[in-house]
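Shown next, in structure tokens, is the structure this report addresses.
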Amino acid sequence: MNLLEKLQQEILIADGAMGTLLYSYGTGSCFEELNLSHPEQIQTIHQAYIDAGADVIQTNTYAANYLKLQRYGLEDSVKEINSAAVRHAKAAAKSQTFVLGTMGGNRGIKPESITIEEIKRSFREQLYCLLLEGVDGLLLETFYDLEELETVLAIARKETKLPIIAQVSIQEPGVLQNRTPINEALKSLEGLGADVVGLNCRLGPYHMLAALEQIELPKHALLSAYPNASLPAYTDGKFHYEGDADYFRKSAQSFRNQGVRLLGGCCGTTPEHIRAFATGLKDRTPIVEKVVKLERKQISIEEHEPKREYEPLQEIVKKRSSVIVELDPPRKLNTDKFFEGARAFKEAGIDALTLADNSLATVRISNESLGYLVKQELGMRPLIHIACRDRNIIGLQSHLMGLHTLGMNDVLAITGDPARVGDFPGASSVYDVSSFELIQMIKQLNEGLSFSGKDLGAKTAFSVAAAFNPNVRSVEKAVKRLEKKISFGADYFISQPVFSEEKLLEVYEHTKHLEAPIYIGLMPLTSSKNAEFLHNEVPGIKIADSIRERMFALNDNPLQAAREGVEITKQLIDAALDLFNGIYLITPFLRYELTLELALYTKERARKLRGNSYVETTIY
């Protein structure tokens with residue numbers, strides 16, 4: 001009798017975690033490599049699960065694919081590792097236990113980090129290794145990204161008639177991270193040929209059962225569930241799980257009542273948890289009918305749209321010339337000059353004051369705190385930069401929810417300079433997500449949904465700017481990135497500083513087809529050293545030779561050099577206003593008097609273009 005025939009007649013018990021036990025033994029490297037170097041450990045764990053009552057065990061191959069093994073320099077050992085893993089499992093199982101060849105998901109919370117083509121190549125290689133060794137079925141587990149699972153499932157179904165178990169992992173009980181309802185996702189997997197569909201990892205029994213309550217019994221496939229032992233704890237540099245095995249015994253019948261046919265464990269589970277499932281499941285007869293309320297979960301958002309204090313910048317700049325100014329938060333605690341400059345810009349009538357997020361990985365006062373004070377005390381619109389470098393997705397969502405609560409709706413989503421270029425080169429650069437994914441997540445908050453798809457009870461009203469670097473060899477390629485950012489939800493763009501009229505024209509020609517407007521970045525140079533540093537050492541900035549020569553000619557006259565920098569920028573403003581409505585002025589070294597003069601010049605120049613008289617205002 002094969003695995004599917006057995007599952008048609010009774011509920012089977014599967015094994016639990018492999019990595020958890022290997023980790024507890026003190027192994028912290030590549031668990032899959034142990035199939036070669038410590039086969040006795042692997043076989044001992046398999047035997048422990050069989051002795052505990054497991055009818056089905058899985059091979060120690062969750063991460064035994066090219067993409068994951070290359071982290072350890074083992075990418076050329078895919079066949080050797082997978083083949084050994086199947087042999088060890090079959091040696092323990094003999095003829096009494098079914099052996100599943102396990103393949104895990106790769107994408108996790110960052111779907112864009114690995115292309116589908118890379119996934120296909122890696123999956124096929126591992127798949128063929130497992131099939132050649134004669135497994136009884138395939139277990140596709142811990143897939144957070146539905147596209148990835150659907151892709152590999154289609155490949156596997158085409159290559160074999162063996163039973164395939166396809167399991168997703170979810171952040172919230174009823175929905176995948178791409179917001180697909182779990183019931184719809186499992187129906188899709190069944191339609192692609194999965195024999196068993198279900199859930200594993202991330203959730204313990206309580207939340208996994210809550211998810212199963214929303215899942216219909218499949219028409220042809222069967223259901224599986226592999227819950228975690230508990231939420232992990234972290235003590236003295238080590239992860240550990242504290243889930244009580246008896247809790248699993250008490251929940252076993254509830255899993256049966258939800259229609260589960262294959263019941264095992266994931267992270268944190270041990271042979272004791274599997275023994276508890278086997279003991280608690282007195283009745284192995286599966287249910288064949290189940291009543292499920294399939295009411296689509298409605299987001300309990302307020303009926304009215306979220307209020308914005310200011311009109312979105314992307315709407316303003318489509319109608320008229322608009323000036324925004326960057327004034328970096330100070331590196332030291334004295335904020336007098338910062339607020340002095342902010343007040344001057346308020347009087348000048350700029351449309352927004354932008355605040356960088358520790359640019360160049362240099363520690364500054366929090367832009368969130370200064371932005372709030374600028375808004376509350378000066379009545380100005382703050383535009384808050386958000387870098388992916390310093391916060392994981394937990395911190396990013398919390399930060400954004402805080403900005404919403406404080407009424408700051410204008411943000412610039414950027415990747416952020418790596419930590420190694422700044423004050424603390426040994427600090428970690430987080431980069432849980434890229435700027436593309438951050439834009440997408442912010443727009444999801446605008447729909448009333450958290451990053452994980454959870455109902456937030458209200459919508460945010462963020463207007464999302466994205467960064468644009470025109471200082472590259474191929475502006476055409478840079479514009480492709482803009483188009484991609486628009487597809488992810490970017491409302492408008494803010495560029496790196498441009499230092500030549502030729503570049504302005506080139507940017508215009510390559511971007512005039514875009515509906516999303518652009519604020520062109522302009523920054524006054526303060527000296528020849530400043531120009532050389534920016535040109536040679538700051539990523540994303542290139543300065544024309546002619547301008548560097550003009551600054552070098554005034555190397556011995558700091559005041560005149562700064563004056564020349566302003567004049568150069570005025571010439572660029574004249575050229576830019578013929579092509580773009582949006583001007584983004586970047587303040588160097590908190591010398592706000594320079595950008596203030598340029599802001600006033602821009603506004604007067606814009607009035608002149610509209611037919612009004614122009615009076616130059618110079619401020620020293």
Side-chain angles (χ1 to χ4, degrees), residues 109-113 177 306 308 310 312-315 317 324 326 328-329 352-361 364 366-368 371 381-406 408-419 429-447 449-452 456 459-470 478-496 511 514-521 539-540 582 584 586:
I109 62 171
K110 301 172 69 173
E112 295 296 313
S113 62
Q177 68 179 16
R308 284 187 57 99
Y310 303 100
L313 287 168
Q314 69 267 22
E315 300 303 326
V317 77
I324 61 176
E326 178 176 316
D328 278 351
L353 191 72
T354 87
L355 297 98
D357 191 9
N358 297 328
S359 57
L360 293 179
R364 297 175 181 272
S366 160
N367 62 356
E368 178 182 21
R381 178 206 304 257
L383 195 163
I384 307 299
H385 300 201
I386 303 175
C388 300
R389 176 196 57 238
D390 299 330
R391 305 172 189 89
N392 61 15
I393 57 172
I394 299 170
L396 284 170
Q397 179 173 315
S398 176
H399 182 53
L400 285 157
M401 292 171 72
L403 292 175
H404 165 79
T405 302
L406 295 172
M408 293 187 282
N409 306 119
D410 298 277
V411 296
L412 169 64
I414 58 174
T415 300
D417 305 299
S429 295
V430 181
Y431 298 132
D432 265 2
V433 293
S434 69
S435 58
F436 295 98
E437 293 152 339
L438 178 57
I439 292 167
Q440 188 176 53
M441 289 174 170
I442 297 171
K443 283 308 186 78
Q444 188 166 312
L445 298 181
N446 282 358
E447 297 176 25
L449 298 169
S450 73
F451 291 178
S452 62
L456 290 175
K459 293 180 179 181
T460 60
F462 289 113
S463 173
V464 186
F468 168 38
N469 178 19
V479 172
K480 293 294 183 184
R481 287 179 61 85
L482 299 194
E483 292 170 344
K484 182 178 178 181
K485 288 181 179 181
I486 291 172
S487 72
F488 275 72
D491 295 308
Y492 64 104
F493 296 98
I494 298 176
S495 88
Q496 291 273 36
T511 62
L514 299 178
E515 291 187 13
I518 298 173
Y519 279 87
I520 284 292
Y584 165 52
I586 304 164

> Should L313 and I324 be marked as a side-chain contact (heavy atoms from CB on, under 4.5 Å) after you check the CA-CA gap, both sets of side-chain angles, and the distance that decides it?
Replying inline: CA-CA 9 Å; L313 287 168; I324 61 176; 4.3 Å; yes

> Under the side-chain contact (heavy atoms from CB on, under 4.5 Å) criterion, do I384 and T354 qualify, and how do the steps go?
Replying inline: CA-CA 6 Å; I384 307 299; T354 87; over 6 Å; no

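- Side-chain atoms of D491 come within 3.5 Å of backbone N or O of V464 as a donor-acceptor pair.
- With contacts defined as side-chain heavy-atom distances shorter than 4.5 Å, the pair E368/L403 qualifies.
- No side-chain heavy atom of F451 sits less than 4.5 Å from a side-chain heavy atom of Q177.
- In this structure, the side chains of L383 and L353 stay at 4.5 Å or more apart for every pair of heavy atoms.
- Between the Q496 side chain and the G521 main chain, no donor and acceptor come within less than 3.5 Å of each other.
- Remark: K443 fails to qualify as a cation-pi partner of F488 under the 6.0 Å distance and 45° angle criteria applied to the six-membered ring.
- In R364, the CZ atom is crowded: over 12 heavy atoms of neighbouring residues, nucleotides or ligands sit closer than 6.0 Å.
- At distances below 3.5 Å, not a single donor-acceptor pair connects side-chain atoms of N367 with backbone N or O atoms of P329.
- Considering all non-hydrogen atoms of both residues, Q314 and P517 come closest at O-CG, 3.8 Å.
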> Passes side-chain contact (heavy atoms from CB on, under 4.5 Å), Q397 versus L456? Steps please.
Replying inline: CA-CA 11 Å; Q397 179 173 315; L456 290 175; 4.2 Å; yes

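- The distance from atom CD of Q444 to atom CD1 of I439, rounded to the nearest 0.5 Å, is 14.0 Å.
- Here the closest heavy-atom approach between residue H385 and residue Y584 is recorded as CE1-OH, 3.9 Å.
- The shortest distance between side-chain heavy atoms of R308 and S463 falls below 4.5 Å.
- Rounding to the nearest 0.5 Å gives a distance of 8.5 Å between CZ of F468 and CG of L514.
- With S398 contributing its side chain and G395 its backbone, the two residues share no donor-acceptor pair below 3.5 Å.
- Taking both residues in full, the closest heavy atoms of A356 and D328 are given as CB-OD1, 3.2 Å, listed atom of the first, atom of the second, then distance.
- Distance CD/Q440 to OG/S435: 11.5 Å, rounded to 0.5 Å.
- Using modelled atom types, no side-chain atom of Y310 and backbone atom of N409 make a donor-acceptor pair closer than 3.5 Å.
- Here the closest heavy-atom approach between residue D357 and residue A387 is recorded as OD2-N, 2.9 Å.
- With D432 contributing its side chain and N392 its backbone, the two residues share no donor-acceptor pair below 3.5 Å.
- When every heavy atom of A413 is checked against every heavy atom of I442, the shortest pair comes out as CB-CD1, 4.3 Å.
- Judged by the 6.0 Å and 45° rule, K485 forms no cation-pi pair with F493.
- A distance-only check finds a donor-acceptor pair linking the side chain of E437 to the backbone of S434 [under 3.5 Å].
- One N or O on the side chain of S429 and one on the backbone of A419 form a donor-acceptor pair closer than 3.5 Å.
- Annotation: side chain of K459 is not in contact with side chain of E447 (no heavy-atom distance under 4.5 Å).
- Put simply, CG on L482 and OG on S495 are 10.0 Å apart, with the number rounded to the nearest 0.5 Å.
- Rounding to the nearest 0.5 angstrom, the gap separating the CE atom in M408 from the CZ atom in F462 is 9.0 Å.
- Residue V430 comes nearest to C388 through the heavy atom pair CB-O, 4.1 Å, listed as atom of the first residue, atom of the second, then distance.
- Looking only at atom types and distance, the side chain of T460 has a donor-acceptor partner in the side chain of N446 under 3.5 Å away.
- You'll find the side chain of D410 stays beyond 4.5 Å of the side chain of P382, heavy atoms only.
- A heavy-atom distance below 4.5 Å is not found between the side chains of I414 and I386.
- The side-chain heavy atoms of L400 and L445, taken from C-beta on, include a pair separated by under 4.5 Å.
- Side-chain atoms of N358 do not come within 3.5 Å of backbone N or O of A361 as any donor-acceptor pair.
- In this structure, T405 contributes its side chain and M401 its backbone to a donor-acceptor pair below 3.5 Å.
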>> Evaluate I486 against E515 for side-chain contact (heavy atoms from CB on, under 4.5 Å), listing each step before the verdict.
In response: CA-CA 9 Å; I486 291 172; E515 291 187 13; over 6 Å; no

